[in-house]
Undergrad: 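Sharing a structure here in structure tokens format.
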Amino acid sequence: MNVQTGSPRPIKVIGHRNPDTDSICSAIAYSRLKNILDPEHPCKPCRAGLLNRETEFVLDYFKVPQPQLYTDVSPHIRDVDIRPAEGVDGEMSLRRAWMTMRDQQLDTLCVVDGEQNLQGVITVKDVATANMDGIDPHSLEIARTSYQNLIDILDGTVLVGDVSGKTVEGRVIIGSGSAEQIEKSISPGDIVIVSNRGDSQLAALEMDAGCIIVCASSKVSRTMQMLAEEKGCIVITTSTSTYVAGQMLSQAVPVRHYMTRENLLTFTLHTPVEAATKVMAAVRFRYFPVLDDDGKYIGVVSRRNLLNLHKKQLILVDHNEKGQAVEGIEEAEVLEIIDHHRIGAMETEGPVYFRNVPVGCTCTIVYQMYRENDVEIDPTTAGLLLSAILSDTLMFRSPTCTPADERAARALAELAGVDLEEYADEMFAHGGDVSGKTAEEVFNGDYKIFTSGDVRFGVGQGSYMTEKNRRAAQALVGPYLPEALAKQQLDYIFYMFTDVRNSSTELLMAGAGAAELVEKTFHTALENGVATLPGVVSRKKQMIPALINAIKQEQE
């Protein structure tokens, strides 16, 4: 049984790391389409990184919340079957704890307070140890055992006195000898176990016993009851024999007295399964408490639970290469891929729905799928799809733009109720504003890593409507490139600063031999470390293929 019963885990629709507008908008729009077509398998849009300013503007403009952030989709404790074993009160008796373990086939109970805060854990081993140590006549007193626990395990009845809120304050004495022997062994406040002998009962009362437990359903005379009431002595009757009562009383000790409360080994819903497995292998416990996001106890997990984990199910949009995917992709289950890029290296466990169309934007494909399934596109979804197409095609200036992209964008602009040109200018203006941003934030705005043979390289791109914004971005990112190269352990990094209005790019680079590679690839000379590339505006169609071909030639 899993604590998250009641609704299936949603399928995560997610784009690449360092998401751009197409990555985010296609995740949102495709999730909406899937939820309409197949509501029994709910989808939710997610993102694998921080949003850039252009995408933030789009979501704010159409009043759409940001998708949930997932930087790692490897399995976590929330992805296994958590056993919802109820927490127990620390006042529970050892006997009741053992009975609960036996009935629920558990060897560990988690002790919680009234607000489900974990106080400690008690195991079968702890109960066994406590039972063997139960020969101490002071154990009930030391543990401040409640009289209610005594009544519970003896199935007793209070004949005289009020036990509400009272705890044991003396030793446990078996009153099986003569009255004289009993008198010698009793101290005020002791609990005395007696049978039906009136002289034994009287001796216990005269020595100011705190409680008399009368066994074997023996009668207690009215006179004896009145005397007990005068002396403030509690009288409890039980059908249990004197011998059994003496054996069982030590089991009335509350579990809080023997539970482990320090250095508890707990997991949260966000604990990676890999980390939990290592912890479990290092200790001999069988069950481990699990805490929710608020630190409240919700259940336990064992090694067996980890074997039955539920991998996160993903639909990838706007990418199909492992190097661009969210961390932990190899430990997730990919169900679909919707993309418009080259087909890279991505292994899946089984067959998947893979739709790859040579258009300028993933959202163009999503738009086509809405139309194919005759699903109405609401104004908000239309605005998101439009924004992505404008962004990826640089408002139809990119060589990757196809007639299908432009037709889709113009139809979507009408559905969204916006003026296409005015909206595009406003979107690009917000996206190009780098004021208040760090070099790393601007760098990661739209950045991907690619592989060609043994060479790994990164290519980033910023698209700008104004010269001012483009120059500001270059001034920030340029000095940061060597640091990013070392941090990511890449061979090269190339960064495109694209002038949308004039359809040209200034390219900056880092890495040994990167400058020579660019000069050879684009047949141009660098000036102050910058390559000016007229007509080059597409990373996908003009930059990546050219670089990969040049790298392959160098490797031959």
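Excluded from the calculations below are hydrogen atoms, water molecules and symmetry mates; all remaining heavy atoms, backbone and side chain alike, are included.
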Undergrad: Do Thr55 and Thr21 meet the criterion of a side-chain donor-acceptor pair at a distance under 3.5 Å?
TA: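 Result is yes, a qualifying pair exists.
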Undergrad: Kindly write out the residues that satisfy ring-ring contact (aromatic ring centres under 6.0 Å, His included) with His341, not counting sequence neighbours, or none if the list is empty.
TA: none
Undergrad: Got a sec, which residues hit salt bridge (charged side-chain N to carboxylate O under 4.0 Å, His left out) with Lys12, two or more places apart in sequence or on another chain?
TA: none
Undergrad: Return the set of residues passing side-chain contact (heavy atoms from CB on, under 4.5 Å) with Ser302 (not counting sequence neighbours), or none when no residue passes.
TA: Tyr287, Arg304, Asn305
Undergrad: Partners of Phe285 by ring-ring contact (aromatic ring centres under 6.0 Å, His included), sequence neighbours excluded?
TA: none
Undergrad: Applying salt bridge (charged side-chain N to carboxylate O under 4.0 Å, His left out), can you list everything that pairs with Arg303, at least two apart in sequence or on another chain?
TA: none
Undergrad: Carefully, step by step, assess Lys312 and Asp79 under the rule salt bridge (Lys or Arg N to Asp or Glu O under 4.0 Å).
TA: CA-CA 7 Å; Lys312 292 183 175 71; Asp79 300 312; 2.5 Å; yes
Undergrad: Verify the ring-centre separation between Tyr423 and Phe62: is it less than 6.0 angstrom?
TA: yes
Undergrad: Quick one: ring-ring contact (aromatic ring centres under 6.0 Å, His included) partners of Phe497, sequence neighbours excluded?
TA: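 With neighbours one apart ignored, the set is Tyr495.
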Undergrad: Does Glu321 come within less than 4.0 Å of Lys448, counting only side-chain N to carboxylate O?
TA: no
Undergrad: Tabulate below the donor-acceptor pairs under 3.5 Å that side-chain atoms of residues 517-528 make, not counting sequence neighbours, or state none.
TA:
| residue | atom | partner | partner atom | Å |
| --- | --- | --- | --- | --- |
| Glu519 | OE2 | Leu526 | N | 3.4 |
| Thr521 | OG1 | Leu517 | O | 2.6 |

Undergrad: Give a yes or no on whether a salt bridge exists between Arg355 and Glu336, defined as a side-chain N under 4.0 angstrom from a carboxylate O.
TA: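 No salt bridge links Arg355 with Glu336.
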Undergrad: Could Asp425 and Arg501 be called an ion pair, given the rule that one side-chain N must be under 4.0 Å from one carboxylate O?
TA: yes
Undergrad: Can Asp405 and Thr393 be counted as having a side-chain donor-acceptor contact under 3.5 angstrom?
TA: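 No.
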Undergrad: Can you list everything that forms a ring-ring contact (aromatic ring centres under 6.0 Å, His included) with Tyr464? Sequence neighbours excluded, please.
TA: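 ring-ring contact (aromatic ring centres under 6.0 Å, His included) list for Tyr464, sorted by chain: empty.
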Undergrad: Between Thr362 and Asp22, is any side-chain donor less than 3.5 angstrom from a side-chain acceptor?
TA: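 Yes.
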Undergrad: Mind checking salt bridge (charged side-chain N to carboxylate O under 4.0 Å, His left out) for Glu441 and listing every partner two or more places apart, or none if nothing turns up?
TA: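 Result, salt bridge (charged side-chain N to carboxylate O under 4.0 Å, His left out) vs Glu441: none returned.
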Undergrad: Looking at every heavy atom in both Ala48 and Pro19, which two are closest together, and how far apart are they?
TA: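 The answer is C-CD, 4.5 Å.
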Undergrad: Quick one: ring pair (Phe, Tyr, Trp, His ring centres under 6.0 Å) pairs with a partner in residues 367-412, sequence neighbours left out?
TA: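 As it turns out, there is no ring pair (Phe, Tyr, Trp, His ring centres under 6.0 Å) pair with a partner in residues 367-412 once direct neighbours are skipped.
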Undergrad: How would you list, by chain and number, every residue that makes a salt bridge (charged side-chain N to carboxylate O under 4.0 Å, His left out) with Asp433, sequence neighbours excluded?
TA: Arg53
Undergrad: Quick one: sort the Phe57 and His430 rings into parallel, tilted or perpendicular, breaks at 30° and 60°.
TA: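 Rings of Phe57 and His430: parallel, as their planes differ by under 30°.
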Undergrad: May I ask you to decide if Pro39's main-chain N or O and His41's side chain share a donor-acceptor pair within less than 3.5 Å?
TA: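 A pair under 3.5 Å: no.
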Undergrad: Holding to side-chain hydrogen bond (donor to acceptor under 3.5 Å, both in side chains), I want the full list of residues that pass it with Glu347, two or more places apart in sequence or in another chain.
TA: none
Undergrad: Take Arg410 and Glu406 through the test salt bridge (Lys or Arg N to Asp or Glu O under 4.0 Å) and record every step on the way to the result.
TA: CA-CA 6 Å; Arg410 297 198 181 280; Glu406 187 166 354; 3.1 Å; yes
Undergrad: Can you tell me if Asp318 and His16 form a side-chain donor-acceptor pair at under 3.5 Å?
TA: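 Present: a donor and an acceptor within the cut-off.
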